[in-house]
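The figures that follow rest on heavy atoms only: side chains count, while hydrogens, waters and symmetry mates do not.
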Amino acid sequence: MRGAHAAGGIPAARQALTEWIDAAGEAGRTFLQVRLLRTGDTQYEIRHARDVLRSIPSLETVTSDPYAARYIAQMTNGGEHRPLKTAPNLRQGWALVDLDARALWTALDYLYPACALHWYAELAGTLRVTHWREVAARQSGMYGAVKLLPPDVVRNTVRACCGDAACLRRVAWEVDADTPLDLPSEGETTGEALVPCPEACSMFISFARQVLVLERAPRHELPGLGRLGVEEIEQVREIATSAAAGTLGSAREGEFGEGTNSRRMRYLALRLAEEKSRIGDLPAPELPCEGCPKAVPCRGCPMV
C-alpha cells in the first residue's frame, strides 16, 4: 500500500501537508518546483514556483480539476516527455485552483508521485529504505547483471543519475547497510521540502545497466585523458560533434545509448575527473616569448 511508509497512512500525511502549508500564511510553501498556497478557509492553489508573480489570466491552463495535474506533469516547456516526474523540468504556465485538502493531495501526487507521502514519512521517522544490493538482487533478465557493479561505480552512477541536475529527490539508500554511498553535498534542496528517495527507481536500474556495459569495456591509455573504453572515446567524439552542430542536449532523458544523454555526460565527466586525479595535470605548454634566455629556443619560436 502507498500509505505503508507513514504511520496513520495517507490521511495523516495529508493532514500534515495542509498544516505545513497553513503555517506559512500568505507566503505559501515551495515543494520541489511548485508553490502550495492556502487561498481560503478550505481552499488551496498549486502553481509552478516560477509563476508566482504571474496573474491568473496570463496562465495557459487554470482549472480546479486535480486530475489535470496528470497532463501537466507529462511534458516539459519544450513539449518533451518527462519519464521521471521528479526531474527539474516541470513545465510552467498553469495553476490548479480552488482545491480542497483531498484535491490538493491528489494533484500533488500526480505532479510528484508518492513524494508528499515520503516527505511525511521522513519527518515521522517511518520511511522504509531499501538499499541498492537488495534492489539489485531482485533484478532478472537483461537487468540481472547490475548486481555486479562495485561500490565505487554505484557511487558514481548515483552522482550521475540522481544529482540535483537530474532528480530533485535526495537519495536515502546506501549500497548496503554496511557500505555507505558517501555522496558529496550538493547544497540546499530545491524548495522547502526534503523529499527522500527510499530505493533505486527503474530509471536508475536502466542507467546502471548502461554503466555496466561501459565499465566492462577494455580501456586504452590516451595521453592527457587516461584510460578510456572504446564507447567512452566515441562518446567524446559524439559530444564534440553535437556541440559543433548545436544539437547538444537533444538526446531524450532515458536514451542511455546516446553519448549526448545528460546522465551519460555526467558519468563521463566523473570518469575523466578520476583519470585526471590518477595521471595528474598536464605540463604547461612552452610558449615562445620575446627575449627568451634559453640557449635552445622552443620549437616553433618565431624569432629563430
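Side-chain polar atoms of T260 and S242 form no donor-acceptor pair below 3.5 angstrom. For the 3.5 Å distance criterion, the side chains of Q15 and E19 qualify, holding a donor opposite an acceptor. Counting only N and O atoms by type, the side chains of E274 and N156 include a donor and acceptor under 3.5 Å apart. Side-chain contact, D176 with T179: a donor N or O sits under 3.5 Å from an acceptor N or O. Side-chain N/O atoms of D65 and Y71 include no donor and acceptor closer than 3.5 Å. For E255 and N261, the side-chain atoms include no donor-acceptor pair closer than 3.5 Å.
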| task | Could you walk me through whether V129 and L127 pass side chain to side chain contact (heavy atoms under 4.5 Å, CB included), step by step? | result | CA-CA 6 Å; V129 174; L127 185 73; 4.0 Å; yes
| said: Go through it in stages, so that I can follow the logic: the residues are E221 and R278, the test is salt bridge (charged side-chain N to carboxylate O under 4.0 Å, His left out), and I'd like the CA-CA distance, side-chain angles, deciding distance and then a yes or no. | reply: CA-CA 12 Å; E221 188 76 34; R278 182 181 66 84; 3.1 Å; yes
| request: List the steps, then state whether side chain to side chain contact (heavy atoms under 4.5 Å, CB included) holds for W132 with V154. | output: CA-CA 9 Å; W132 168 246; V154 174; 3.6 Å; yes
| Does the salt bridge (charged side-chain N to carboxylate O under 4.0 Å, His left out) test come out yes or no for E174 and R133, once each step is laid out? | CA-CA 9 Å; E174 310 288 353; R133 291 300 184 208; over 6 Å; no
| Should L108 and L17 be marked as a side chain to side chain contact (heavy atoms under 4.5 Å, CB included) after you check the CA-CA gap, both sets of side-chain angles, and the distance that decides it? | CA-CA 10 Å; L108 189 58; L17 178 68; 3.8 Å; yes
| message | Would E60 and R91 count as a salt bridge (charged side-chain N to carboxylate O under 4.0 Å, His left out) here? Give the steps. | response | CA-CA 11 Å; E60 290 78 19; R91 72 180 179 93; 6.0 Å; no
| task | Start with the C-alpha gap between R47 and Q92, add the side-chain angles, then the distance that decides, and say whether side chain to side chain contact (heavy atoms under 4.5 Å, CB included) holds. | result | CA-CA 8 Å; R47 65 169 72 185; Q92 300 172 232; over 6 Å; no
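There is no path of hydrophobic side-chain contacts, each under 4.5 Å, that joins L225 to L214. Follow the hydrophobic side-chain contacts under 4.5 Å out from L37 and you never reach W105; the two are in separate clusters. In the hydrophobic clustering of ILVMFWY residues, with side-chain heavy atoms under 4.5 Å counting as a link, I279 and L228 come out apart. Using a 4.5 Å cut-off between side-chain heavy atoms of Ile, Leu, Val, Met, Phe, Trp and Tyr, with links allowed through other members, M203 and M265 fall into different hydrophobic clusters. Under the 4.5 Å side-chain heavy-atom criterion for ILVMFWY residues, a single connected hydrophobic cluster contains both V135 and V171.
For the pair A172 and P196, the tightest heavy-atom approach, listed with the atom from each and the gap, is CB-CB, 4.1 Å. Closest approach of H118 to R169, counting heavy atoms only: ND1-NH1, 3.0 Å. Between I56 and A95 the shortest heavy-atom distance is CD1-CB, 4.0 Å. Taking each heavy atom of L90 and Q33 in turn, the nearest pair found is N-OE1, 3.1 Å. The two residues K147 and A137 make their nearest non-hydrogen contact at CE-CA, 4.1 Å. Nearest heavy-atom pair, T30 versus L32, reported as atom, atom and distance to 0.1 Å: CG2-O, 3.5 Å.
We find that R155 and D152 are not joined by a salt bridge, their nearest charged nitrogen and carboxylate oxygen being 4.0 Å or further apart. Salt bridge annotation for R263-E253: present, with a cationic side-chain nitrogen under 4.0 angstrom from a carboxylate oxygen. The residues D164 and R170 are annotated as salt-bridged, a charged nitrogen and a carboxylate oxygen being separated by less than 4.0 angstrom. Comment: E26 does not engage R38 in a salt bridge, judged by the lack of any side-chain N to carboxylate O separation of less than 4.0 angstrom. Between R237 and E232 there is no salt bridge, since no side-chain nitrogen of the basic residue lies less than 4.0 Å from a carboxylate oxygen of the acidic one. Ion pair R82/E80 not flagged as a salt bridge, since none of the NZ, NE, NH1 or NH2 atoms sits closer than 4.0 Å to an Asp/Glu carboxylate oxygen. With respect to the salt-bridge test (charged N to carboxylate O, under 4.0 angstrom), the residues E215 and R227 do not qualify.
A 6.0 Å sphere centred on CZ of R252 holds no more than 12 heavy atoms belonging to other residues, nucleotides or ligands. By the 6.0 Å contact criterion, CZ on R50 is open, its count of non-hydrogen atoms from other residues, nucleotides or ligands being 12 or less.
Each of Q74, K85, R70 was checked for a side chain to side chain contact (heavy atoms under 4.5 Å, CB included) with Y110, and the lone residue meeting it is R70.
Residues L212 and F207 form no side-chain contact, since every pair of their non-hydrogen atoms from C-beta on lies 4.5 Å or further apart. Within the 4.5 Å cutoff, no side-chain heavy atoms of L36 are placed close to those of Y44. Side-chain contact between T86 and C115 is present, with at least one heavy-atom pair separated by less than 4.5 Å. L168 is not listed as a side-chain neighbour of F31, based on a closest heavy-atom distance of 4.5 Å or more. T39 is not listed as a side-chain neighbour of V97, based on a closest heavy-atom distance of 4.5 Å or more. A 4.5 Å side-chain heavy-atom check between L183 and R159 finds at least one atom pair inside the cut-off. For the pair V230/I233, no side-chain contact is recorded, criterion being any heavy-atom separation below 4.5 Å from C-beta on.
The aromatic rings of F204 and W173 stand perpendicular to each other, their planes meeting at an angle above 60°, with 30° marking the opposite boundary.
No donor-acceptor distance shorter than 3.5 angstrom exists from the side chain of E258 to the backbone of A251, with no hydrogens or angles considered.
A distance of 9.5 Å separates CD of Q43 from OG of S64, quoted to the nearest 0.5 Å. Rounded to the nearest 0.5 Å, atoms CZ (R264) and CD1 (I239) are 8.0 Å apart. In this structure, the separation between CE on M142 and CD1 on I205 is 12.0 Å, given to the nearest 0.5 Å. Rounded to the nearest 0.5 angstrom, E192 CD and W20 CH2 are separated by 5.0 Å. For the atom pair OG (S277) and CG (L272), the distance works out to 12.5 Å, reported to the nearest 0.5 Å. Atom CG of D51 sits about 7.5 Å away from atom OG of S58, to the nearest 0.5 Å.
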